Novice: 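One structure follows; several queries about it will come next.
Each chain gets a letter, A, B and so on, in the order its sequence line appears, and its residues count up from 1. Worth saying up front: this structure is predicted, and the values here are computed from it rather than measured.
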Amino acid sequence: MIDIDKWQEIFHTLKQNKLRTTLTAFGIFWGIFMLVIMLGAGSGLENAVYANLGDFSRNSMFIWAQQTTMPYKGFPRNRQYYFEYSDKKALEQNIPEIEIVAPTVNGGGYRENTLLVHRHKKGNFNVLGKTPDENFIDPVILEYGRFLNEFDLKLNRKAVLLGYRAYEELFDKDENPINKYVRLNGIYFQVIGVYKSKHSGGWGENQNSQVWIPFTTAQQVYNYPNRVDHFSIVVKPEFEVKPVEGKVMAILAKRHKIHPDDKGAFGYNNVGEEFKKMNGLFLGIRGLIWIVGIGTLLAGIIGVSNIMLIILRERTVEFGIKRAIGASPRKIIGSVLSESIFLTTISGISGLMIGVFIIELVNNALPPESEMFRNPEIDFQLAITALIIIILSGMFAGIIPSRRAVSIKPIEAIRSEN
Amino acid sequence: MSQSIIRVNQLHKSYITGSNSLHVLKGLDIDIQQGEMVSIMGSSGSGKSTLLNILGILDNYDKGEFYLGDTLIKDLNEKKAAWYRNKMIGFVFQSFNLITFKNAMENVALPLYYQKVSRKKRNRIAMEYLEKVGLTEWAHHLPSELSGGQKQRVAIARALINNPKVILADEPTGALDTQTSYEVMELFHEINRSGITMIIVTHENDIAEKTERIIHLKDGVIEKEYKQNHSIRYA
């Protein structure tokens, strides 16, 4: 039921001094507004970074062969060696934590391009020999056709999966490339699919300019009979990547006659650790945002509380009369509290709405592929949290003044006028 | 036949201000019968306001007893005190003490608001009481638009609306001119005739003389007390 008298009282009090009410409300408005804007900006930054990472398996690592840095078993230092396909089996069998070991061979060497020709169109692209497992580590979006499969590998099929940039350069717009042939290193390969990277920015562009062929075919075409350039290793979700790192190196060292302490013989990149660092960073940013946001809000709350105390002074007589004619202390507390909650809620909600509005505005103004900032957003849950914070702060701001209101004896209140 | 509505035995009250203790009421004994019209007189500092506050359950006392009807009023919590004030007592103040942003009708209806009477019903009842004090046409005016006498009549209607047993008036005519004062006293008599006990604190002799019984307070004790013949009450 709507209590007209209560609202009449609230509006009357707040209208008494419009400037003062507005300034007080602004404190709360600003607190919530800043919180929303900062959280939106934080999420924009976070989304941009995670978009860059695509759907990369968060529980994975890379390892590639470098030159040895220590002499061992009669071999000198600075020896160049390569991983072999049989390492994959050895790793899978000896390390139970491992889920997938996916080998890659670089056609023509690391970041060396190969000429691809389709009719009168041609271009140089980075050709990589991959396995079907690749799609579990760093998934791509298939625009045409299918991904590599086991038969492609077993039969050494001359099948090729084009990155989207390669497709754009070799084919006409909207041309269906499936089952057409492209010449790669002088050999005709059948196009089985076209993929788009899930990464944003440079990473995505780089991946879109790659061309993938079956791992076994690549070994033949580029004449690397038993060579793997790097392994991508995915660890089962229940395990951490970090401890597996050492085990992998130990096994590879043994198999390639590398000194057990020669960490320099391997290049590796622990994606799991990178993700952890990133998560930690964003956790820190979010924490900071909340601390600053809540701090600003708290200043607003204290402002409301202060003003409520001043209003109380002005209304002492009124409260005295009301209590003389039978208002219970609860009624008085209720009226002060509802005033405070009303003020904070109105200003808080307008802060929330204007904040969300501005974030939407920024979101629409941003180029969709922006690398630094992407989809700043305030999710529903956050908005609800903010709302609860607003109402709680209204109550919090009203507590001290309402306690003060009932601690004054009615007779003192009435007398204070005379 | 008549019975006590207010009974005070050996009432003591001190105010402590800093290190000084001010003994204001020094063992008062008062017995007021239902339906009486009593005035309490005394110079400032005699303790008459303090007594009124205690009788109105607006203030506590230190020693003694105070019965309102059959109920001992002692060390009540605020909630209980508010309830008794609302049910038993009507207040009329010197400075009217109307709520400035409520119109006459809403001011009169306020005590019923605290009894959770619906707005429609309490406004209807308020109109009845405004009629009794002759202010029907002013029902929708704010206190600032009313004269002193009108304001006091609104306050009286407010004091009456919850059918109190006792009306406590603290210098009800203090802010009014003589003519209006007499009109207000007239109204009090009318109310008194309906059976409500009236206790009026005043320092004006002509006002006190319009009541049946006068209690003179001095330095916290009853100095003298007398009843007067009211054959010429309505001159």
Side-chain angles (χ1 to χ4, degrees), chain A residues 1-18 20-21 311-339 342-343 399 401-418, chain B residues 15 49-50 52-60 77-103 106-120 122-123 142-143 155 158-162 164 168 170-171 174-175:
Chain A
M1 200 192 87
I2 300 162
D3 190 335
I4 299 172
D5 292 65
K6 194 161 152 181
W7 288 102
Q8 183 193 32
E9 190 179 319
I10 290 174
F11 285 122
H12 171 79
T13 317
L14 296 180
K15 270 196 293 192
Q16 281 293 53
N17 195 330
K18 288 198 187 85
R20 184 175 70 191
T21 304
I311 290 177
L312 199 68
R313 277 214 160 280
E314 291 166 3
R315 297 178 67 192
T316 307
V317 181
E318 184 196 322
F319 286 144
I321 302 164
K322 283 182 173 170
R323 293 180 68 185
I325 61 179
S328 61
R330 184 186 284 189
K331 270 276 178 207
I332 303 289
I333 291 179
S335 95
V336 176
L337 268 187
S338 45
E339 229 172 86
F342 177 75
L343 189 64
I399 284 172
S402 65
R403 294 255 154 249
R404 179 77 62 84
V406 285
S407 73
I408 301 169
K409 282 197 171 291
I411 186 60
E412 284 161 14
I414 297 171
R415 244 191 230 143
S416 79
E417 188 194 40
N418 304 326
Chain B
Y15 286 111
S49 285
T50 307
L52 195 73
N53 290 331
I54 291 170
L55 296 184
I57 330 179
L58 291 170
D59 208 348
N60 299 322
N77 64 30
E78 255 309 316
K79 202 179 154 192
K80 269 253 166 70
W83 189 85
Y84 278 111
R85 282 200 290 270
N86 193 266
K87 289 280 181 194
M88 305 283 282
I89 300 167
F91 286 95
V92 178
F93 303 97
Q94 176 177 7
S95 45
F96 323 127
N97 285 335
L98 300 176
I99 307 289
T100 50
F101 54 87
K102 288 181 182 290
N103 67 30
E106 288 167 331
N107 260 294
V108 173
L110 202 57
L112 296 182
Y113 172 65
Y114 296 121
Q115 289 174 15
K116 298 192 169 61
V117 177
S118 78
R119 185 176 167 85
K120 220 171 160 184
R122 64 174 186 261
N123 283 348
L142 291 174
R158 182 177 68 185
L160 285 174
I161 197 163
N162 47 4
L168 298 175
D170 188 7
E171 304 276 7

Novice: Looking at chain B, which one of A/H12, A/E9, A/K322 has the largest number of heavy-atom pairs inside 4.5 Å, strictly under?
Specialist: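 Maximum pair count with chain B is reached by A/H12.
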
Novice: When rounded to the nearest 0.5 angstrom, what is the spacing between CG in B/L168 and CG in B/N53?
Specialist: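 Here the rounded value is 9.0 Å.
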
Novice: Which residue out of B/N162, B/I99, B/D170 racks up the most heavy-atom pairs below 4.5 Å with chain A?
Specialist: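 Heavy-atom pair counts peak at B/I99.
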
Novice: Does the distance from a Lys or Arg side-chain N to an Asp or Glu carboxylate O, for A/R20 and A/E314, drop under 4.0 Å?
Specialist: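 Result for this pair is yes, salt bridge flagged.
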
Novice: Atom CD1 in A/I332, atom CG in A/L312: separation rounded to 0.5 Å?
Specialist: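 Going from CD1 on A/I332 over to CG on A/L312, the span is 9.5 Å.
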
Novice: Can you say whether B/E106 sits under 4.5 Å from chain A via the side chain, the backbone, both, or neither, judging by heavy atoms?
Specialist: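 Side chain only.
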
Novice: Side chain from CB out, backbone as N, CA, C, O: work out which of these in B/N77 comes under 4.5 Å of a heavy atom of chain A, or both, or neither.
Specialist: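 It is neither, since no heavy atom gets under 4.5 Å.
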
Novice: Which atom pair, heavy atoms only, marks the closest approach of A/Q8 to B/F101?
Specialist: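 Closest heavy-atom pair between A/Q8 and B/F101: NE2-O, 3.7 Å.
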
